[in-house]
Amino acid sequence: MEPSLATSIGKIQLNKPAMLASGILGISLDVFNRLYRSGAGAVVTKSLSSEPWEGYPNPTIFSVNGGGWMNAVGLSNPGATNFAKMIESNQNVPIMVSLVGSIPKDFEMMINEFKNCKVTAFELNLSCPHVAKVGLEVGDDPELVKKIVTTVKNSTDVPVIAKVGLGTTHYLNTVKIAIDSGIDAITAINTVRAMAIDVETQRPILSNKFGGLSGTPIKPIALRCVYEIASKYNVPIIGCGGISTWEDAIEFFLAGASAIQLGSAIGDNWINVFDDINKGILQYMKKKNYSTIGEMVGLAKKF
Amino acid sequence: MEPSLATSIGKIQLNKPAMLASGILGISLDVFNRLYRSGAGAVVTKSLSSEPWEGYPNPTIFSVNGGGWMNAVGLSNPGATNFAKMIESNQNVPIMVSLVGSIPKDFEMMINEFKNCKVTAFELNLSCPHVAKVGLEVGDDPELVKKIVTTVKNSTDVPVIAKVGLGTTHYLNTVKIAIDSGIDAITAINTVRAMAIDVETQRPILSNKFGGLSGTPIKPIALRCVYEIASKYNVPIIGCGGISTWEDAIEFFLAGASAIQLGSAIGDNWINVFDDINKGILQYMKKKNYSTIGEMVGLAKKF
Amino acid sequence: MQRNSNHTTIVTIEKVIDETPTVRTLYFSDHIMSNVLPGQFAMVWIPGINELPMSVMISKESGKAAFTVRKHGLASTGLFNIQTGDKIGIRGPYGNAFDIKEGRLLLVGGGTGLVPMMRLLTHVKPTDDVTVLIGAKSKDEVFFETLANELLKNNSHNVIVSTDDGSYGEKGFVTDAAEKLVSTSHFDGVYTCGPEKMMYKIVQSAHSRGIFVQASLERMMKCGIGICGSCCVGEDLACKDGTIFDGNHLSKNKEFGYSHRNKAGILEDY
Amino acid sequence: MQRNSNHTTIVTIEKVIDETPTVRTLYFSDHIMSNVLPGQFAMVWIPGINELPMSVMISKESGKAAFTVRKHGLASTGLFNIQTGDKIGIRGPYGNAFDIKEGRLLLVGGGTGLVPMMRLLTHVKPTDDVTVLIGAKSKDEVFFETLANELLKNNSHNVIVSTDDGSYGEKGFVTDAAEKLVSTSHFDGVYTCGPEKMMYKIVQSAHSRGIFVQASLERMMKCGIGICGSCCVGEDLACKDGTIFDGNHLSKNKEFGYSHRNKAGILEDY
Ligand SMILES: Cc1cc2nc3c(=O)[nH]c(=O)nc-3n(C[C@H](O)[C@H](O)[C@H](O)COP(=O)(O)OP(=O)(O)OC[C@H]3O[C@@H](n4cnc5c(N)ncnc54)[C@H](O)[C@@H]3O)c2cc1C
Ligand SMILES: Cc1cc2nc3c(=O)[nH]c(=O)nc-3n(C[C@H](O)[C@H](O)[C@H](O)COP(=O)(O)OP(=O)(O)OC[C@H]3O[C@@H](n4cnc5c(N)ncnc54)[C@H](O)[C@@H]3O)c2cc1C
Ligand SMILES: Cc1cc2nc3c(=O)[nH]c(=O)nc-3n(C[C@H](O)[C@H](O)[C@H](O)COP(=O)(O)O)c2cc1C
Ligand SMILES: Cc1cc2nc3c(=O)[nH]c(=O)nc-3n(C[C@H](O)[C@H](O)[C@H](O)COP(=O)(O)O)c2cc1C
Ligand code: FES
Ligand code: FES
């Protein structure tokens, strides 16, 4: 039997396991359609806020010497209301809507905006490392995480995912609180707080000084987070961070992820990366005689 | 005037700013001499414990796809007593002795072993990410850090450095406690907890499963830590993490480091890396008209 | 070591030339930028201020390149105010290039949209017959007319300026002048860069007559390399799939000529 | 994509040959390992057990290589027990190579130290006159004698086995046999690999007579690439500066022949 690329992340069913990560190319329905055609199993939108945000001035993204990317786009986004209107017509593409906010009410309000949209899941960004008052500053506050997840879960029947990252408190605590508050799945990880300085002008390169490191450099870190979460908790996991090849994808499955997201790899290999990864996974499954992704998930945990 | 490579890290004076990081090639006085001749300003020893440790079985080190190294040598070391004997004859090389332990008494005892040795500084390893009960597990416990630093400072007149890393509590808290307890300088950062899985055999590659990521992938993270510490506290800083070129060194000076350490770069470029970096720094200083390293330290903070 | 085009290289501005009261050309030395293909752009870092996409302007001196910037908002004014000896950062080149046909060519440029047109002129064959249409609001906004004539001195050529107010050259919109040209004579290729409404009309004029036409699109750009999505035009990413698209493709794009996204990513009408 | 020698590649064992009751040779296909230089080693991962440095053994089939392992502690026993169809990981090759002189050559190997000697034999010139000295405790520990003769079938050659107990070949220590040879006839190069005490004597015998001699050193190895320091011999790192050193260098090294470091890095006498 031909192996299947379909996977389920708890209640979420996807035809293909590699998704577009939040913030990458993620502001237009036309582009979502194109990515879906290119082999993405789902697309995650840019993180949306209750009001439109312009984000930080440029430079907001650059390629790091020695691999990877650093960004501080500052969560620029058209706002949940504008965005919901834009994807109202969507029928085909599994869209996961990423949300940022500072208080439970922000999230409640935004989720309400999407009541007429076909949304596969909401992903709560509790882990952006470079914007004050949202992202990690929320994820680092256990009480707030609890309140937000509880509120969100009460506001919608759509599955809700919490996206975590390396903050000032231990991400495993955030995961635990999110699970205890009813979260459906975890995405791990977001970018890692970092910086770069231009030696000629002697100033930080990003306008925001600090940014988030993504791409190959963070893969070994992301993989250990997925493995740690999978070893400790029984929660569906989406692996994210530095994935750019099918081998990377398999590593994340073996560590315990049921699906993966990727962003930076698009900067290196453009959108064919989805197709390349899908093909590689299929070949691996044939060789190892798996018929479903699920058979691989967490296999490395037994060692 | 010819610029000078000499630098001071608080009370510590070095002729050259690039040091060998702990754990790299660091178990023999003959090798220390060789590295010193190759242009290292100082060498940090492997982290020593009160008893000899064999460390973990191999594989303990491997090169990461996409750059950098991952290791879980498990702090193998001959023990403080054996090591102190070995370096008793040292006259030339500025040696910084790195120490690991679980309780204040471990450190007190070890420092006592070195009373007949010429030691430039002690570096407390509060940040090894892959050995239970020591390293990060100590660094993550604020009360313990306070007790250890206080005890060590009372046991010796030699300058004491705390080496921090990304743990489960915020490293800036550890820095603050160390400073409040009288630390002389901070080394930032140690390796970052990470892992890799072999897709063919489907098992973690390191015998210890988890290891520490070092080399180019962690440079942007290390740099932001140095910048964050320098922006928040008035403490001499030694930058460490992914430094492999003179530009990297300058970035760390500009961020606020008075000296740097490097390890992984030796795996890529062998020990000529010290000479290459020294030459590059000198050229940069000439071009920018600096006569001392100190003039550069922290310049990027004003932005 | 080979330069990674995605890493910012710092260059020093060596010469600043005023083209008009609001447009300046800043020259610098950089071997890679001096040899980019016509239509390619760079991301230009003005330290402490911003980073902007800029078409790479030609220089007559080999190994040199330039940016021609119009003073507008904070960022472009920051670049405009850069002086000789100041440092800026550049990365790239990014984007595709014009597909230059042979024979009778028509180039239509408005404002700083003339920059890629000038580099295109350095790639035409001596046998080509080239018409350059320069559009401007008024006389004091006209620039690169002399340069265009100079670059074409070995070609059969025609450089026509039209100003909206008639204060210089022909009076009227450059789009009308273009329509007249393509409706009365044959062209093998039409190339345009400038305000989108202008390009839209040029593309319509040419494409509806089956003439090969290409336009270089401007969109909000943050990364320049196809990551951030801010430059999307329908399902295209201007920085990665473009910036140059041909008439065929553009006639199917529902955003071209009508709307673009602002800094927050909200679709706004032109 | 070119293989990064520092990344572990998984290979499948295709054949296992018993050399003695405690020594086995495991064959696998790997183009890079099949072509390493004589003296080079690999880091061999026995999944779930350990990773060990192993000299790369030759195979008669092209594109294949092997490891010849003596069952000793946990790790080597793990490798010894690997069966046909099992997978191991390899990275490398690491280390330098023998500097092979021309003329009259003497190779002295003890135990698995014969492995690099066998590969060296595949690099001698047909005009070389080659003597191979194989040392073993007793008859049932002798291996590679037939192989050595076979590899040298086109050379003027002499393969001599000496056993400590005289149960096979000449009776006595291989070091005495070597001393006798170098004291009675001229050699252009002497090469040795085996127990360090043995190598120490061979190096002394040859070096004191001004004969070019090289020995391949064994030390505790964790990284194989000059990071961990576990393999240091005086100021040398066996994995990076060696494993092969010549008599000149070794005669100045105060640890060679006397002491080595254990897994904790403590200097222990041989
Ligand atoms: C490929 C390309 C090539 C360009 N070449 C030139 C050139 O050669 N000379 C020249 O003067 N201008 C050029 N521009 C336009 C230039 O990048 C700026 O858009 C313009 O200078 C106004 O910027 P501002 O920040 O000063 O204006 P603001 O007042 O800050 O913004 C006004 C408008 O400018 C546009 N804009 C601002 N920032 C950006 C940005 N990062 N990317 C794209 N658009 C932006 C937006 O439409 C914005 O609404 C080019 C743009 C693109 C996309
Ligand atoms: C460059 C090199 C090439 C080698 N080639 C071969 C070969 O072709 N065939 C062969 O059988 N053996 C070879 N060895 C020796 C082999 O690596 C092991 O040392 C030996 O197999 C014993 O390992 P063990 O772990 O089973 O023994 P243990 O009982 O665990 O240890 C016994 C002793 O073996 C040595 N040892 C253990 N682990 C290592 C290690 N990682 N690196 C180096 N020494 C270690 C130490 O001296 C240790 O005290 C080579 C060693 C080196 C350095
Ligand atoms: C330009 C850029 C913008 C991003 N914006 C967001 C965002 O809005 N919300 C979010 O949760 N993550 C955001 N991320 C993080 C990614 O979703 C992802 O977690 C991270 O980049 C690691 O994956 P990668 O290595 O595959 O890129 C952004 C990343 C990049 C590079
Ligand atoms: C093989 C290896 C062993 C290490 N052992 C130690 C150690 O014993 N104590 C310690 O404080 N850090 C240890 N480290 C961490 C380094 O000192 C350094 O902090 C880290 O590698 C980052 O620097 P780099 O990127 O230049 O290697 C070790 C690193 C490596 C690669
Ligand atoms: S500018 Fe970022 S995708 Fe085009
Ligand atoms: S084995 Fe690590 S330095 Fe040689």
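Numbered from 1 within each chain, the chains take letters A, B, ... in sequence-line order. Since we're looking at a predicted model, the values are computed, not measured.
- Of the atoms belonging to D:Asn262, not a single heavy atom falls under 4.5 Å from chain B.
- Scanning both residues, D:Glu255 and B:Asp30, for their nearest heavy atoms gives OE2-OD2, 4.1 Å.
- Counted within 6.0 Å of OH on D:Tyr270, heavy atoms from surrounding residues, nucleotides or ligands total more than 12; the atom is thus considered enclosed.
- In terms of heavy-atom pairs under 4.5 Å with chain D, the best-connected choice from B:Asn58, B:Asn82, B:Asn77 is B:Asn58.
- Atom CG of B:Asn15 has 12 or fewer neighbouring heavy atoms from other residues, nucleotides or ligands inside a 6.0 Å radius.
- Of the residues listed (B:Asp198, B:Ile205, B:Thr201), the one engaging D:Pro47 in a side chain to side chain contact (heavy atoms under 4.5 Å, CB included) is B:Thr201, and it is the only one.
- To the nearest 0.5 Å, atom CD1 of residue B:Ile61 and atom CE of residue D:Met221 are 12.5 Å apart.
- The neighbour count for D:His7 NE2, taken as heavy atoms of other residues, nucleotides or ligands under 6.0 Å away, is above 12.
- One N or O on the side chain of D:Arg261 and one on the backbone of B:Ile27 form a donor-acceptor pair closer than 3.5 Å.
- The candidate from D:Lys240, D:Met43, D:Met220, D:Arg91 with the greatest count of non-hydrogen atom pairs under 4.5 Å with chain B is D:Lys240.
- For D:Ile46, no part sits under 4.5 Å from any heavy atom of chain B, backbone or side chain.
- The distance from atom CD of D:Glu235 to atom CZ of B:Phe32, rounded to the nearest 0.5 Å, is 13.0 Å.
- Among B:Pro57, B:Pro59, B:Gly23, the residue with the largest count of heavy-atom pairs under 4.5 Å with chain D is B:Pro59.
- With a 4.5 Å cut-off on side-chain heavy atoms, D:Asn50 and B:Tyr56 do not count as touching.
- At a 4.5 Å heavy-atom cutoff, the contact between D:Ile227 and chain B is made by backbone and side-chain atoms alike.
- Across all their heavy atoms, D:Gly234 and B:Ser28 have their closest contact at O-OG, 3.5 Å.
- By number of non-hydrogen pairs under 4.5 angstrom with chain B, the leading residue of D:Ile225, D:Leu267, D:Asp236 is D:Ile225.
- A pairwise comparison of heavy atoms in D:Asn4 and B:Ser63 identifies ND2-OG, 4.0 Å as the closest pair.
- The shortest non-hydrogen separation linking B:Pro78 to D:Ile266 is CB-CG1, 3.5 Å.
- For a residue to count as touching a neighbouring chain, one of its non-hydrogen atoms must lie under 4.5 Å from one of that chain's; by this rule D:Cys228 touches chain B with backbone and side chain alike.
- The OG1 atom of D:Thr8 lies 12.5 Å from the CD atom of B:Glu200; values are rounded to the nearest 0.5 Å.
- A salt bridge links B:Arg34 to D:Asp241: one of the charged nitrogens lies within less than 4.0 Å of a carboxylate oxygen.
- In this structure, D:Lys254 places its NZ atom where only 12 or fewer heavy-atom neighbours from other residues, nucleotides or ligands lie under 6.0 Å away.
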message: Quick one, B:Trp69 with D:Asn6, criterion side-chain contact (heavy atoms from CB on, under 4.5 Å). Give me CA distance, side-chain angles, the key distance, then yes/no.
response: CA-CA 10 Å; B:Trp69 300 87; D:Asn6 289 326; 3.6 Å; yes
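- Open room surrounds CD on B:Glu51; 12 or fewer heavy atoms of other groups in view lie less than 6.0 Å from it.
- Nearest approach of D:Lys222 to B:Ser76, heavy atoms of both residues: NZ-OG, 2.8 Å.
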